Amino acid sequence: MDWNDNTYFDICVIGSGPAGIIVALEYASNNPEKSVILVEYGNKNQSKENALDNSISLANKVNHHPPYECTNKGLGGTSATWGGRCVSYDEVDFLDRPVLEGNCTWDLSLFEDVKKFMAPAARYFECGTPAFDLTELRHIPYKPVAEGFKKGVVTDSALERWSMPTRFGKRYADDIERQHNLTLLQGVEARDFSSPDGDDNISYLHVREVRTGVLTKIKATAFVLAAGAQETTRLLLRNTQLFNNIGGKPDALGKYYQGHLSGKIASVKFKGNPKKTDYGFIRDTDGTYLRRRFQFDNKFLQANNLLNTAIWLDNPLYFDPKHRSGAMSFMYMAMITPVLGKKLAPPAIAHSVTKGKVNNLPGHLSNICRGLPNSLLKPASIFYKRYLLKRKLPGVFLFSPDNCYALHFHSEQTPNAQSNMLLGSDGESLIINYELTDADVASVIKLHEVLDESLKESGCGELKYWFSKDELPEAIKTMSKDGLHQNGTTRIADSSQLGVVDRNLKVWGTKNVFVCSSSVFPTSGQANPTFFLGAFAVRLAHHLNKVMTISGPEKITTELIEPC
Ligand SMILES: Cc1cc2nc3c(=O)[nH]c(=O)nc-3n(C[C@H](O)[C@H](O)[C@H](O)COP(=O)(O)OP(=O)(O)OC[C@H]3O[C@@H](n4cnc5c(N)ncnc54)[C@H](O)[C@@H]3O)c2cc1C
């Protein structure tokens, strides 16, 4: 494009992952007279290594995946390898509980407002109607997840919905190209903002061409930082002049980094008819895959000071041939095969299946031989559905004739100031500290006990633990590994004393810089963050419609509206 230091845009969006693409497309299509530029670090032919990921150091390699497994660079960002699980946040995530130690800095009124934008977000994610409970779907009648299950403190109707999974780069490249007022700039890194003027306005951003290092200015009425949580945080940490008018950077910037505790510590053995257990996927009328999960009554969690957690039925551990399933052994062996394994799943997902172990190959071969021909037919049908169809089978859950399933937990973390992102002494590199707290671990254990009691009380079944009670905390601490879900480091709050952005995602101390990233979420809930972030992205685009009044190089003005 023809572009120089004097080219002016109404909106400059930094980062073209799901968040950046949604804000840019939604705003540009609703405002054909306005100009939008989407600045993306990655290139069309993105090389395997990049300077951003190379300059991240991790203090905790047990519980955090290495940088290259956590994000991707290039059009579409990390959606190039994401799994596509779409879930909602829950009410309890917006309610203060003592265990959060005053760090729940958003509230229910914001949740209610963001929900209004879930329907358009669901269209971007191609995950059907944004109904996240079976009871909201009239066409799929509720039946208990297993024979004899009774809803109470534990619920069995919460749903996850699955995206295609939509690869935002591929899916929206043509839409971006067609959108006459939207310019995409690839291979360009956002670097330094101007300082705020007396009205808190930021007038330009310096960007650097990654290949040549050439610096150029982008002038815009408003800037949206959608560079993913860690890069958005790094940009703000490098640009503390943004906070000149409020006496320096907010204390919360870079702190309270949260992901999820995740893993398996028990199986459930149901007592009823195995054929009546709803263990697999449900198809919605439009073909979207849905799946049920155990969750816990919000009031119960609040009253008992517990962390929000989802638990779903899963397969036994793939790497251990004790499961005796030929199909599982075949899939495990495919996943550990060099080259092939890498093609079947991104490393972080592959690790959740193989646990990085090459284990008892004779045992697996014996399972495969014993289970022929199903050991091969089942994986073949899964391969077809998972890799060759447009809407892909999101996962593999196998029927258990014994009515016994592993339980997979996915649990909220406490916002902890010691889990943080900091700049290194060179002012460029990013240090990531990530910890699991005793409260995080205790909550996972307690909620398994609650599930066990509830199943026993109704006579539906019971839990079989894989570890002794004493071993559980250490087992949870060593099995949990995240870094894929990144929340908390630029959190929403009603003041710069408590957070980094306001409830309209505007950076405190500025009038026209916004953050659109899961880093704004003060709590992590049980939810994988991207769908909810998509709803925030649509909301931000609509908010920008309202606040942008006069544009042009002569006058950069934004009119602030009251929080929705
Ligand atoms: C293997 C895997 C599986 C996942 N599965 C799920 C799932 O099932 N469900 C779910 O909810 N989430 C999942 N996630 C997380 C999900 O991918 C992220 O939450 C989501 O992609 C975040 O979107 P984003 O737009 O904020 O950032 P990203 O998608 O990371 O995009 C940010 C973009 O900004 C660019 N950028 C960075 N710095 C700069 C800069 N300085 N200048 C210009 N551009 C810059 C990057 O190149 C990138 O393209 C998964 C992640 C991984 C790695």
Side-chain angles (χ1 to χ4, degrees), residues 12-24 37-43 46 50-53 56 65-89 124-125 127 160-163 165-169 184-193 205-210 218 223-236 238-239 259-260 262 345-352 394-395 410 428 430 481-487 490 515-521 524-534 536-537:
C12 169
V13 179
I14 298 153
S16 72
I21 286 184
I22 294 177
V23 177
I37 186 163
L38 181 56
V39 180
E40 168 55 46
Y41 176 88
N43 240 316
Q46 182 60 37
N50 67 78
L52 293 178
D53 284 347
I56 293 177
H65 286 280
Y68 282 101
E69 294 183 10
C70 297
T71 65
N72 298 300
K73 310 289 176 273
L75 187 64
T78 310
S79 72
T81 52
W82 82 311
R85 182 184 266 127
C86 294
V87 281
S88 174
Y89 262 64
Y124 281 103
F125 285 91
C127 66
E160 57 193 32
R161 311 186 74 84
W162 288 83
S163 170
T166 305
R167 311 279 173 221
F168 276 68
L184 171 66
L185 211 56
Q186 297 188 77
V188 171
E189 180 186 0
R191 292 289 302 168
D192 301 304
F193 287 98
L205 165 73
H206 265 132
V207 297
R208 183 168 73 181
E209 199 181 344
V210 176
I218 291 182
F223 298 88
V224 176
L225 271 167
Q230 70 201 22
E231 293 310 328
T232 294
T233 306
R234 170 157 37 188
L235 262 163
L236 289 177
R238 285 189 49 256
N239 279 271
H260 292 104
S262 177
I349 307 272
H351 183 273
S352 70
H410 198 251
E428 288 282 344
L430 190 71
K481 197 163 188 152
D482 205 349
L484 315 185
H485 304 155
Q486 304 183 335
N487 305 297
T490 70
V515 170
C516 193
S517 157
S518 54
S519 58
V520 303
F521 300 167
S524 61
Q526 49 68 35
N528 310 49
T530 317
F531 176 75
F532 198 55
L533 170 60
F536 260 105

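Here the structure is a predicted model, which is why all the values come from computation and not from measurement. As the structure lists them, so they are numbered: ligands from 1, and atoms in each ligand from 1.
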> Classify the contact between L533 and ligand 1 as side chain, backbone, both or neither, using a heavy-atom distance cut-off of under 4.0 Å.
side chain
> Return yes when N72 approaches ligand 1 closer than 4.0 angstrom through a heavy atom, no otherwise.
yes
> So for H65, does at least one of its heavy atoms come nearer than 4.0 angstrom to any atom of ligand 1?
no
> Closer than 3.5 angstrom, by distance alone: can the side chain of Y124 be matched with the main-chain N or O of A19 as a donor-acceptor pair?
no
> Evaluate the side-chain proximity of L225 to T490: yes if any heavy-atom separation is below 4.5 Å, no if none is.
no
> Among all protein non-hydrogen atoms, which one is nearest to atom 50 (C) of ligand 1, and what is the separation to 0.1 Å?
W82 CB, 3.8 Å
> Do any nitrogen or oxygen atoms of E40 come within less than 3.5 Å of a nitrogen or oxygen of ligand 1?
yes
> For A19, is at least one N or O under 3.5 Å away from an N or O on ligand 1?
yes
> Would you mind listing which atoms of ligand 1 come within a distance below 4.0 Å of any non-hydrogen atom of I14?
42 (N), 43 (C)
> T81 to ligand 1: N or O pair under 3.5 Å?
no
> At less than 4.0 angstrom from any non-hydrogen atom of G77, what atoms of ligand 1 do you find?
29 (O), 31 (O), 48 (C), 49 (O)
> Using side-chain heavy atoms (C-beta onward) and a distance below 4.5 Å, is R208 in contact with D192?
no
> May I ask which of S519, G15, A190 has a heavy atom nearer to atom 40 (C) of ligand 1 than the others do?
A190
> Can you name the salt bridge (Lys or Arg N to Asp or Glu O under 4.0 Å) partners of D53, sequence neighbours left out?
K73
> For ligand 1, which atoms sit closer than 4.0 Å to a heavy atom of E231?
37 (C), 38 (N)
> Just distances here: any N/O of G84 and N/O of ligand 1 closer than 3.5 Å?
yes
> Under 4.0 Å from a heavy atom of S16: give me the atoms of ligand 1 that qualify, with their elements.
33 (C), 34 (O)
> Which ligand 1 atoms, with their elements, are less than 4.0 angstrom from a heavy-atom of L235?
41 (N)
> Kindly say whether V39 contributes a backbone atom to a donor-acceptor pair with the side chain of E189 at under 3.5 angstrom?
no
> What part of E69, side chain from CB on, backbone N/CA/C/O, both or neither, has a heavy atom under 4.0 Å from ligand 1?
backbone
> Consider every N or O of C516 and every N or O of ligand 1, then say whether any pair is closer than 3.5 Å.
no
> Among protein heavy atoms, which sits nearest to atom 27 (O) of ligand 1, and what does the distance come to when rounded to 0.1 Å?
G228 CA, 3.4 Å
> Do N528 and E160 have side-chain heavy atoms sitting under 4.5 Å apart?
no
> Using atom types as modelled and distance alone, determine if a side-chain donor or acceptor of Q186 lies under 3.5 Å from a backbone N or O of N43.
no
> Note the single closest protein heavy atom to atom 37 (C) of ligand 1, along with its residue, its atom name and the distance in Å.
A227 O, 3.4 Å
> Taking the six-membered ring for Trp, are F168 and F125 ring centroids under 6.0 Å apart?
yes
> From the options T530, L205, L484, V515, select the one whose nearest heavy atom is closest to atom 51 (C) of ligand 1.
L484
> The test is side chain to side chain contact (heavy atoms under 4.5 Å, CB included); show your working for H485 and S524 and say whether it passes.
CA-CA 9 Å; H485 304 155; S524 61; over 6 Å; no
> Just which atoms of ligand 1 are under 4.0 Å from any heavy atom in L52?
38 (N)
> Among P18, G259, G17, which residue places a heavy atom closest to atom 23 (O) of ligand 1?
P18
> Between ligand 1 and C70, can you find any atom pair, the residue atom being a heavy atom, that is separated by under 4.0 Å?
yes
> Heavy-atom distance under 4.5 Å between the side chains of E69 and P346, does that happen here?
no
> Indicate yes or no for a side-chain donor-acceptor contact from R167 to the backbone of W82 under 3.5 Å, with no hydrogens or angles considered.
yes
> Between T78 and ligand 1, is there a nitrogen or oxygen pair with a distance under 3.5 Å?
yes
> Which atoms of ligand 1 have any heavy atom of Y41 under 4.0 Å away?
36 (N), 39 (C), 43 (C), 44 (N), 45 (C), 47 (O)
> Can you see which heavy atom on C516 is nearest to which on V224, and at what distance?
CB-CG1, 3.9 Å
> So do the side chains of L236 and V515 get within less than 4.5 Å of each other, counting heavy atoms only?
yes
> Is there a polar contact between ligand 1 and P346, counting only N or O atoms under 3.5 Å apart?
no
> With heavy-atom distances below 4.0 Å as the criterion, list the atoms of ligand 1 near R85.
7 (C), 8 (O), 9 (N), 10 (C), 11 (O)
> Inspect the contact between R191 and E428 and indicate whether a charged nitrogen and a carboxylate oxygen are less than 4.0 angstrom apart.
yes
> Are any of the N or O atoms of G83 closer than 3.5 Å to those of ligand 1?
yes
> Which word best sums up how the rings of Y89 and F532 line up, parallel for under 30°, tilted for 30 to 60°, or perpendicular for over 60°?
parallel
> My understanding is that only residues two or more places apart in sequence, or in another chain, count here; which of them pass ring pair (Phe, Tyr, Trp, His ring centres under 6.0 Å) with F193?
F223
> Quick one: does V188 get within less than 4.0 Å of ligand 1, heavy atoms only?
yes
